[in-house]
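Only one structure is covered here, and it is reproduced in the block below.
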Amino acid sequence: MGISFSIPFDPCVNKVSQWLDMKGSYTHNLEKNLVALETTMEELKAKRDDLLRRLKREEDRGLQRLSEFQVWLNRVATVEDIIITLLRDRDVEIQRLCLCRFCSKNLTTSYRYGKSVFLRLREVEKLKGEVFGVITEQASTSAFEERPLQPTIVGQDTMLDKAWKHLMEDGTGIMGMYGMGGVGKTTLLTQLFNMFNKDKCGFDIGIWVVVSQEVNVEKIQDEIAQKLGLGEDEWTQKDKSQKGICLYNILREKRFVLVLDDIWEKVELDKIGIPDPTSHKGCRLVFTTRSLHVCTSMGDEEPMEVQCLEENVAFDLFQKKVGQTTLGSDPGIPQLARIVAKKCCGLPLALNVIGETMSCKRTIQEWRNAIHVLNSYAAEFIGMEDKVLPLLKYSYDNLNGEHVKSSLLYCALFPEDAKILKEELIEYWICEEIIDGSEGIERAEDKGYDIIGSLVRASLLMECVDLKGKSSVIMHDVVREMALWIASELGIQKEAFIVRAGVGLREIPKVRNWNVVKRMSLMDNKIRHLVGSYECMELTTLLLGNGKYGSIWRIGIMETISSEFFNCMPKLAVLDLSHNQSLFELPEEISNLVSLKYLNLSHTGIRHLSKGIQELKKIIHLNLEHTSKLESIDGISSLHNLKVLKLYGSRLPWDLNRVKELETLEHLEILTTTIDPRAKQFLSSHRLMSRSRLLQIFGSTIFSPDRQLESLSVSTDKLREFEIMFCSISEIKMGGICNFLSLVDVHIFSCQGLRELTFLIFAPKLRSLTVQDVKDLEDIINEEKACEGEDSGILPFPELNYLSLDDLPKLKNIYWRPLPFLCLEKITIGKCPNLRKLPLDSTSGKQGENGCIIHYQDSRWLKGVKWADKATKKRFLPSCEHRLERCETISED
């Protein structure tokens, strides 16, 4: 029987033994732990990748990742890097082991490596075991962040109300607001955006992005993403296309208001990732721009124009900027303040800057000096050159092409608030070679109208009509100052453009260096005599006309031009001496103007073409309209390059020799003229008639045999305006179906024997028709004579805007059935007792807010009108307006 005995172990010894076993296991179980570590890490990476895909889907919907989850991702990334290093050293560490893995050739190193593997395995198992039910949450950004506003806002209440109502309409997806720089577009837009803070109107979020001149798609995407609260790290790793897809998927789930401030070209919404607001119901895109063209290209065909403030409202803003202390410091200051404010022409930017500048000027002398500076050279006024003009210059810099920029600068030559005839402006541009006229005058005119359109759409010019209803443009005073500043090389060369129009000059102004003067405008002054010689070696335009551009027509008082005045102007291309009725002759030395292409002598007292004029071999444009004393144009055949000759209203006597001389002008393209009924040689000249743009047949107030026309046959495709007055004529014939394709204006006044005007059926472009004091007229379009036209499918007056009929006692019919009159804006009826039926039905005339109106002189006439039906009466009766004065008056001038 063996001996049995036991050795009692101390607890401390047991703990040491367990510790040694654990330490030994780091090396003994190393291979097993490495395999487990590699497998568990692969499982952890798979779990991470699954969660990242889920995260991307949720972030694409605009959700924001939880910070807790981001910490987990960071820990996974950290441990992954460590494990890569551990696994890289695996083979080396295993080779160190010996004695069945119980010992090592380098026990300390193996122990440390084995421990690290064991601890990392535990860490990976713990990370893998974490469960995430939720990894994202809603972004914490506010729906609409209120934007700061300038403290003083005046006069935008009406526009703001109109904009808000339009924006809230169900059919509104895109709303554009355009206007010139400094007019208050951004201020209006900010007020509009801030209104969503009070009432979100069902929208989820509002996003404001400033775009500016160059569209940077990625910058816009980043600003939208920031507002949506998208994670910065992953967002910056996306390319432009991926960002667009991400934004699209987020925004298509939201009702958003996106504001794009100050855009200069079309913004491609799809490239940014913005769903189309017109088809994505419940979303809005609002933008501001200086260009009407941008509005239409963005999809808003009827954008809102932000206009300058009216005079009284503008003065209210100006007073608030100046302050009551300054305004009350001298009794004379308020009156001068109104003059200064008026110079700003309602432009809020100018009112703010100039008002702030004047807020510390408390003497009447300082205010008078301010007015002087603004009148003479506004760029020198404090704040203009660094705050106002550079902002407007952005619009100039954005114009497409140097010829367009030069065209704008040319407009600054005209007086303040001048209504500049488009036609005349383009004539200047052609002769200054701003526009290429080598392809013909009409082609050049088309280019000119295109330039004017681009300047209007850029809010640098405004369209209007002058006193005679002619299509014109106006340049805002502050834009004009900007143009003069640019033309003077930003103030460096002030004498390059000398503009002293309408300032009461009695002599040529003093100039330090005449050789730098390129263009000079001395229109609407009181210069009687042009004397002296000036070395103007670079001068290309000299405007000395009078009385054409203000609200009151004035007659110039210029009487003489000295023989030496034109001696040193070798580059002068444009010379305007119009509306100087006391100017009877020009010096022979005008022949020294070897580069002259444009000469305007309209409304002067010129009697004949001097020998000097006949020497102007380069002239292409000669205007002799309304030269009532003109007796002869003998020698005009020597102007071999003449393309435009204007003789309308000249009362020039016509004979066969004159017709033959004009026929020798082989380059003549455009002719305007007044003839008497006896000038049959002119009417039978195909060459002259085919070039006639305006033809007036003017008889006498006393009908006599030599003022009678048995009939008149007019055949010209170029004729735009046709007037016949004080004649006895039985018929105006139509030579063919293509006779009057360009005819837009017809005036017929005081003609005996004329019973119908059926020839007008062949004038599809006719816009204005005035017929007055034609006692025998029975029909405008005679049904029997028009049968051929009707059979051809011709419907008259498709583009007619204005119809005026007065003192036509026998007139019964305009047309025998209702016409569409799609463009008709106004009908004026006076003293037409037998005209009982108008060719209208309920759909006729221009529709909408500014629809067709009817002016009538006699209330009894209106009561006797037989409307086509009740719907027609309901449509037009409310738009009938009583006019006591004579409907139309045509002067003999």
Over all atoms of both residues, closest heavy-atom pair of [X] and [Y]:
X: Leu642; Y: Val644; result: CD1-O, 3.6 Å
X: Ile420; Y: Cys411; result: CD1-O, 4.0 Å
X: Pro677; Y: Cys727; result: CG-SG, 3.5 Å
X: Pro798; Y: Pro764; result: CG-O, 3.3 Å
X: Leu803; Y: Leu800; result: CB-CD2, 4.0 Å

Residues [X] and [Y]: side-chain donor-acceptor under 3.5 angstrom:
X: Glu663; Y: Ser685; result: yes
X: Tyr428; Y: Asp576; result: yes
X: Ser602; Y: Glu625; result: no
X: Lys422; Y: Ser471; result: yes
X: Glu588; Y: Ser563; result: no
X: Glu559; Y: Ser582; result: no

So for atom [atom1], which belongs to [X], do other residues, nucleotides or ligands contribute more than 12 heavy atoms lying within a distance under 6.0 Å?
X: Lys617; atom1: NZ; value: yes
X: Glu585; atom1: CD; value: no
X: Asn513; atom1: CG; value: yes

Between [Y] and [X], is the closest basic N to carboxylate O distance under 4.0 Å?
X: Lys646; Y: Glu427; answer: yes
X: Lys765; Y: Glu799; answer: yes
X: Lys470; Y: Glu721; answer: yes
X: Asp676; Y: Arg651; answer: no
X: Glu507; Y: Arg528; answer: no
X: Glu445; Y: Arg693; answer: yes

Using a 3.5 Å distance criterion without hydrogens, assess whether the side chain of [X] forms a donor-acceptor pair with backbone atoms of [Y].
X: Arg687; Y: Leu665; value: yes
X: Asn623; Y: Leu601; value: no
X: Asn525; Y: Ala501; value: no

Candidate list Thr672, Thr673, Thr674, test side-chain hydrogen bond (donor to acceptor under 3.5 Å, both in side chains), partner Gln696, passing option: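 With Gln696 as partner, Thr672, Thr673, Thr674 yield a single side-chain hydrogen bond (donor to acceptor under 3.5 Å, both in side chains), made by Thr674.
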
Interatomic spacing from OH in Tyr534 to CD in Glu564 - rounded to 0.5 Å: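 Reported value, rounded in 0.5 Å steps: 9.0 Å.
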
Gap between atom CG of Asp655 and atom CZ of Phe682 - 0.5 Å precision: 13.0 Å

Worked verdict on Lys494 versus Glu489 for salt bridge (charged side-chain N to carboxylate O under 4.0 Å, His left out): CA-CA 8 Å; Lys494 297 177 185 176; Glu489 300 175 20; over 6 Å; no

Qualifying residue for side chain to side chain contact (heavy atoms under 4.5 Å, CB included) with Ile748, from Leu777, Leu757, Ile697: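 Among Leu777, Leu757, Ile697, the one meeting side chain to side chain contact (heavy atoms under 4.5 Å, CB included) with Ile748 is Leu757.
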
Within 45° cone of [Y] ring axis and under 6.0 Å: [X] NZ or CZ:
X: Arg767; Y: Tyr802; result: no
X: Lys405; Y: Tyr396; result: yes
X: Arg519; Y: Tyr410; result: no

Non-hydrogen side-chain atoms of Leu622 and Ile636 separated by less than 4.5 Å: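 Contact flag for Leu622/Ile636 side chains = yes.
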
His603 and His626 aromatic ring geometry - parallel, tilted or perpendicular at 30°/60° bounds: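 His626 vs His603 ring planes: parallel.
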
With Lys447 via side-chain contact (heavy atoms from CB on, under 4.5 Å) - residues at least two apart: Ile435, Asp436, Glu439, Arg443

Partners passing side-chain contact (heavy atoms from CB on, under 4.5 Å) against Ser637 (at least two apart in sequence or in another chain):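 Result, side-chain contact (heavy atoms from CB on, under 4.5 Å) vs Ser637: Glu661, Thr664.
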
